[in-house]
Novice: 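So that we are looking at the same thing, I have put the structure below in structure tokens.
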Amino acid sequence: MSGASVLYDVPGPKAKTRNRVYTVLGTLAVLGLIAFAVLRLSAKGQLEPEVWNIFNNAGVRTNIRDGVLTTLQVFAVAAVLSLILGVLLAVARLSDHKPVRWLSTGFIELFRAVPLLITIYALWVIFLTNRDSLGLTDSQPQFWALVVGLTIYNGSVQAEVLRAGINSVPTGQREAAYALGMSKTQVMTTVLIPQAVRAMLPTIISQLVVTLKDTSLGYIITFEELLFTARLMSTNIIVNGNDTYVPVIIVTGAIYVSMCLALSALANWIERRGRRARAGIEVTSAGEPVAAGDAMEVADAVPDKPAGKQD
């Protein structure tokens with residue numbers, strides 16, 4: 001039974017041989033697809049040094065830098081606003097007042113169900129139609145349509161994450177806080193929400209990564225973020241009679257992956273720091289062990305108190 005598993009049957013000699021054959025065939029198929037793609041790209045001239053040399057151009061690097069900065073700007077604003085909205089919706093959904101609870105529940109369920117692209121496009125049309133009355137100029141309608149759309153959708157998701165974290169806090173802590181005379185607002189802000197954020201931090205950061213990737217939807221409403229900038233470059237830059245879609249897409253994808261990995265690394269660092277902070281309580285070192293004979297001598301040395309003179 002030492003080599004057995006409760007999840008699956010241990011493969012026998014024939015099954016092991018069959019698995020090895022499948023592994024080899026699958027690996028060869030993947031390598032074949034990669035080789036086919038490389039040969040096709042080479043035949044189309046997409047792997048020529050001149051095509052990749054476009055990234056040595058100062059104008060191309062400037063465009064990529066501006067696209068990255070614009071993407072990070074949208075992400076920063078949307079991330080902060082979505083977290084604030086998530087906290088408000090989570091608290092409202094846990095409210096004792098039924099109208100507040102129903103409204104927050106309807107808001108969350110509605111915007112979690114509606115595709116984000118439709119929300120962004122509808123907001124863009126509204127802001128673009130009323131840009132004069134709202135005082136929006138240049139690319140501000142696109143910017144705020146993207147930010148507000150990301151805020152509404154991700155705020156609704158973050159609200160459910162925080163609500164799950166609040167409900168995971170032991171009930172005894174809430175009851176103890178009420179027993180100390182704390183109000184519901186104090187219990188929520190000082191007891192429940194901090195523990196919920198700490199417990200659900202990995203999920204919160206994962207949703208922030210989704211927010212960062214969803215900034216690319218600004219491409220649909222002609223907002224000049226990284227993906228839209230990449231499309232313009234790949235269309236307008238022609239090398240040896242060929243477009244530069246492949247190198248631009250590869251570089252842009254690598255930038256998106258790098259930003260998401262950096263955000264995930266930041267989340268892991270914050271989580272490790274939080275664990276060290278919780279484990280950083282100093283514990284008094286134990287004294288030398290006392291032998292049984294020494295303990296009896298100490299007990300005999302303590303005089304008995306007379307009856308009737310007890311403390």
Side-chain angles (χ1 to χ4, degrees), residues 54-55 57-89 107-108 110-159 204-237 243-245 247-260 262-263:
I54 62 173
F55 299 106
N57 185 280
V60 172
R61 294 199 299 268
T62 301
N63 289 335
I64 294 176
R65 181 201 64 193
D66 294 341
V68 171
L69 292 178
T70 304
T71 297
L72 293 177
Q73 181 183 7
V74 172
F75 165 70
V77 178
V80 173
L81 293 180
S82 65
L83 290 175
I84 296 174
L85 179 62
V87 172
L88 295 177
L89 289 175
F107 184 92
I108 291 172
L110 172 64
F111 286 104
R112 286 177 63 200
V114 175
L116 176 57
L117 183 58
I118 294 178
T119 303
I120 293 174
Y121 191 82
L123 289 170
W124 177 51
V125 172
I126 293 173
F127 290 156
L128 200 61
T129 305
N130 303 280
R131 62 185 307 170
D132 295 332
S133 58
L134 295 175
L136 302 176
T137 59
D138 299 331
S139 62
Q140 288 183 351
Q142 293 93 322
F143 175 83
W144 286 111
L146 184 57
V147 167
V148 174
L150 292 172
T151 298
I152 292 175
Y153 173 75
N154 291 282
S156 300
V157 177
Q158 298 284 22
I204 293 173
I205 298 298
S206 297
Q207 189 60 37
L208 289 178
V209 172
V210 174
T211 305
L212 176 59
K213 292 188 294 184
D214 285 345
T215 57
S216 60
L217 294 176
Y219 156 79
I220 302 298
I221 59 175
T222 68
F223 181 65
E224 296 183 2
E225 41 76 47
L226 180 58
L227 184 60
F228 186 82
T229 302
R231 179 184 178 277
L232 288 180
M233 290 191 302
S234 60
T235 303
N236 297 328
I237 301 176
D243 55 58
T244 55
Y245 272 104
V248 171
I249 288 174
I250 292 176
V251 171
T252 304
I255 293 174
Y256 273 112
V257 170
S258 300
M259 291 191 294
C260 293
L263 185 58

Novice: Measure the CD-OG1 distance between Q158 and T151 for me, rounded to the nearest 0.5 Å.
Specialist: 11.0 Å

Novice: What distance do S234 atom OG and I249 atom CD1 have between them, rounded to the nearest 0.5 Å?
Specialist: 6.5 Å

Novice: Distance-only, no hydrogens or angles: does the T71 side chain make a donor-acceptor pair with backbone N or O of L226 under 3.5 Å?
Specialist: yes

Novice: Could you state the interatomic distance from CD1 (I250) to CD1 (I255), rounded to the nearest 0.5 Å?
Specialist: 12.5 Å

Novice: About how many Å separate CD1 of I237 and CG of N57, when rounded to the nearest 0.5 Å?
Specialist: 7.0 Å

Novice: Taking all non-hydrogen atoms of both residues into account, name the closest pair between R112 and S156 and its distance.
Specialist: CG-CB, 3.7 Å

Novice: For the pair I204 and L83, evaluate side-chain contact (heavy atoms from CB on, under 4.5 Å) and give the outcome as yes or no after the intermediate values.
Specialist: CA-CA 9 Å; I204 293 173; L83 290 175; 3.9 Å; yes

Novice: Quick one, F107 and I152 - any side-chain contact, counting heavy atoms below 4.5 Å?
Specialist: yes

Novice: Kindly determine whether V147 and L81 satisfy side-chain contact (heavy atoms from CB on, under 4.5 Å), including the steps that lead there.
Specialist: CA-CA 9 Å; V147 167; L81 293 180; 4.0 Å; yes

Novice: For residues L208 and L212, determine if any side-chain heavy atom of one lies less than 4.5 Å from a side-chain heavy atom of the other.
Specialist: no

Novice: Is any side-chain heavy atom of L134 closer than 4.5 Å to a side-chain heavy atom of Q140?
Specialist: no

Novice: Can you name the nearest heavy-atom pair linking G67 to T229, along with the distance?
Specialist: CA-OG1, 4.1 Å

Novice: Return the minimal non-hydrogen interatomic distance between L116 and G149, and the atom names on each side.
Specialist: CD1-O, 3.3 Å

Novice: Could you tell me which non-hydrogen atom of T252 sits nearest to which non-hydrogen atom of V248, and how far apart they are?
Specialist: OG1-O, 2.7 Å

Novice: Would you mind reporting whether L123 and I221 have side-chain heavy atoms less than 4.5 Å apart?
Specialist: no

Novice: Kindly indicate, with the supporting measurements, whether the criterion side-chain contact (heavy atoms from CB on, under 4.5 Å) is fulfilled by I220 and I120.
Specialist: CA-CA 9 Å; I220 302 298; I120 293 174; over 6 Å; no

Novice: Say you draw a straight line from CH2 of W124 to OG1 of T129; how long is it, rounded to the nearest 0.5 Å?
Specialist: 9.5 Å

Novice: Once rounded to the nearest 0.5 Å, what's the spacing between atom CZ of R65 and atom OG1 of T70?
Specialist: 10.0 Å

Novice: Considering the options E224, R231, E225, which one meets the side chain to side chain donor-acceptor pair (under 3.5 Å) requirement together with Y219?
Specialist: R231

Novice: I'd like to check Y256 versus L227 (side-chain heavy atoms, cut-off strictly below 4.5 Å). Are they in contact?
Specialist: yes

Novice: Using every non-hydrogen atom in the two residues, find where L85 and G155 come nearest and quote the distance to one decimal.
Specialist: CD2-CA, 4.2 Å

Novice: Would T119 and Y153 satisfy side-chain contact (heavy atoms from CB on, under 4.5 Å), going step by step from the backbone distance to the final call?
Specialist: CA-CA 8 Å; T119 303; Y153 173 75; over 6 Å; no

Novice: Mind listing the closest non-hydrogen atom pair of T215 and L146 along with its distance?
Specialist: O-CD2, 3.7 Å

Novice: Taking everything shown except Y121 itself, do over 12 heavy atoms lie less than 6.0 Å from its OH?
Specialist: no

Novice: Within a strict 4.5 Å, meaning less than it, do heavy atoms of the F55 and I64 side chains meet?
Specialist: yes

Novice: Report yes if the side chains of Q142 and T222 come closer than 4.5 Å at any heavy-atom pair, otherwise no.
Specialist: yes

Novice: Within a strict 4.5 Å, meaning less than it, do heavy atoms of the F143 and F223 side chains meet?
Specialist: yes

